[in-house]
Amino acid sequence: QVQLVESGGGLVQAGGSLRLSCAASGSIFGINFMNWYRQAPGKQRELVAVIANSGSTNYVDSVKGRFTISRDNAKNTVYLQMNSLKPEDTAVYYCNAHLISPLRTSDYWGQGTQVTVSS
């Protein structure tokens, strides 16, 4: 089992920046993917950023060039640096660990942290 604890959300003006942190209970080195999702009111939960065990990353088009996902394996922590924030980025952001094995796939979730961007 994996426990994830998020921090870093808050209220910021449009154009500002926030850095979200996701601390895992154990090593993240063997986790296939660490992800950030977000969910705005009335919308489906959306995959925002992915980082694979290899270090490869990917982003939803709407945040490319503005958000950066990274990991620090020594600290068992994943980050989401969010720059040039827009009001449409307002959502609850969730950290997710996605594990793949021959027997099963598993997902673990953080508690979510609110990001509010004012115009």
> Looking only at non-hydrogen atoms, find the nearest pair between Leu47 and Val50 and report the distance.
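Result for this residue pair: CD2-CG2, 3.7 Å.
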> For Thr105 versus His98, what's the shortest heavy-atom pair and its separation?
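Scanning both residues, the minimum pair turns out to be CB-CE1, 4.3 Å.
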> Can you see which heavy atom on Ala97 is nearest to which on Val2, and at what distance?
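Taking every non-hydrogen atom into account, CB-CG1, 4.5 Å.
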> Report yes if the side chains of Phe67 and Gln81 come closer than 4.5 Å at any heavy-atom pair, otherwise no.
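Phe67 vs Gln81: side chains apart.
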> Any link between Leu20 and Val92 through a network of hydrophobic side chains (Ile, Leu, Val, Met, Phe, Trp, Tyr) touching at under 4.5 Å?
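No, Leu20 and Val92 fall in different hydrophobic clusters.
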> Quick check: is Ile69 connected to Tyr108 through a chain of hydrophobic side chains (ILVMFWY, heavy atoms under 4.5 Å apart)?
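Result: yes, single cluster for both.
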> Quick one: do Leu4 and Leu18 end up in the same hydrophobic cluster if we chain Ile, Leu, Val, Met, Phe, Trp and Tyr together by side-chain heavy atoms under 4.5 Å apart?
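Linked, Leu4 and Leu18 end up in one cluster.
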> So, Lys64 and Asp61, do they make that salt bridge, N to O below 4.0 Å?
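Counted as a salt bridge, because a side-chain N and a carboxylate O are separated by less than 4.0 Å.
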> Would the number of heavy atoms belonging to other residues, nucleotides or ligands and lying under 6.0 Å from CD of Gln3 be above 12?
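Open.
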> Please check if the side chain of Thr77 supplies one atom and the backbone of Lys75 the other of a donor-acceptor pair under 3.5 Å.
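Yes: the side chain of Thr77 pairs with the backbone of Lys75.
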> Of Thr57, Leu80, Asn35, which meets side-chain contact (heavy atoms from CB on, under 4.5 Å) against Ile51?
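Answer to the side-chain contact (heavy atoms from CB on, under 4.5 Å) test with Ile51 among Thr57, Leu80, Asn35: Thr57.
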> What pairs of residues pass the side-chain hydrogen bond (donor to acceptor under 3.5 Å, both in side chains) test when at least one of them lies in residues 4-25, not counting sequence neighbours?
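Those involving residues 4-25 are Ser17-Asn83.
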> Are Tyr93 and Arg38 linked by a side-chain donor-acceptor pair shorter than 3.5 Å?
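Tyr93 vs Arg38: donor-acceptor pair found between side chains.
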> How close do Ala40 and Ala91 get, counting heavy atoms only, and between which atoms?
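Where Ala40 meets Ala91 most closely, the heavy atoms are N-CB, 3.9 Å.
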> So, do Cys95 and Trp36 sit near enough that their side-chain heavy atoms are less than 4.5 Å apart?
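They are in side-chain contact.
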> Give me the atom names and distance for the closest heavy-atom approach of Ala52 to Arg71.
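Minimum heavy-atom separation between Ala52 and Arg71: O-NE, 3.7 Å.
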> Quick check: closest heavy atoms across Ser119 and Ala14, and the distance to 0.1 Å?
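Minimum heavy-atom separation between Ser119 and Ala14: CA-CB, 4.4 Å.
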> How long is the straight-line distance from SG of Cys22 back to CG of Asn96, given to the nearest 0.5 Å?
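Reported value, rounded in 0.5 Å steps: 9.0 Å.
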> Hydrophobic side-chain clustering at under 4.5 Å (ILVMFWY, transitive links): who's grouped with Val5? Put none if nobody.
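Other cluster members: none.
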> When clusters are formed by joining ILVMFWY residues with side-chain heavy atoms under 4.5 Å apart, either directly or through shared neighbours, do Tyr37 and Leu99 land in the same one?
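Cluster IDs for Tyr37 and Leu99 differ.
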> Does Tyr79 belong to the same Ile/Leu/Val/Met/Phe/Trp/Tyr cluster as Tyr59, with side-chain heavy atoms less than 4.5 Å apart forming each link?
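No, no single cluster joins them.
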> Counting N and O atoms only, with roles assigned by atom type, does the side chain of Thr90 sit under 3.5 Å from a partner on the main chain of Thr116, one being a donor and the other an acceptor?
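Pair absent, no side-chain N/O of Thr90 close to backbone of Thr116.
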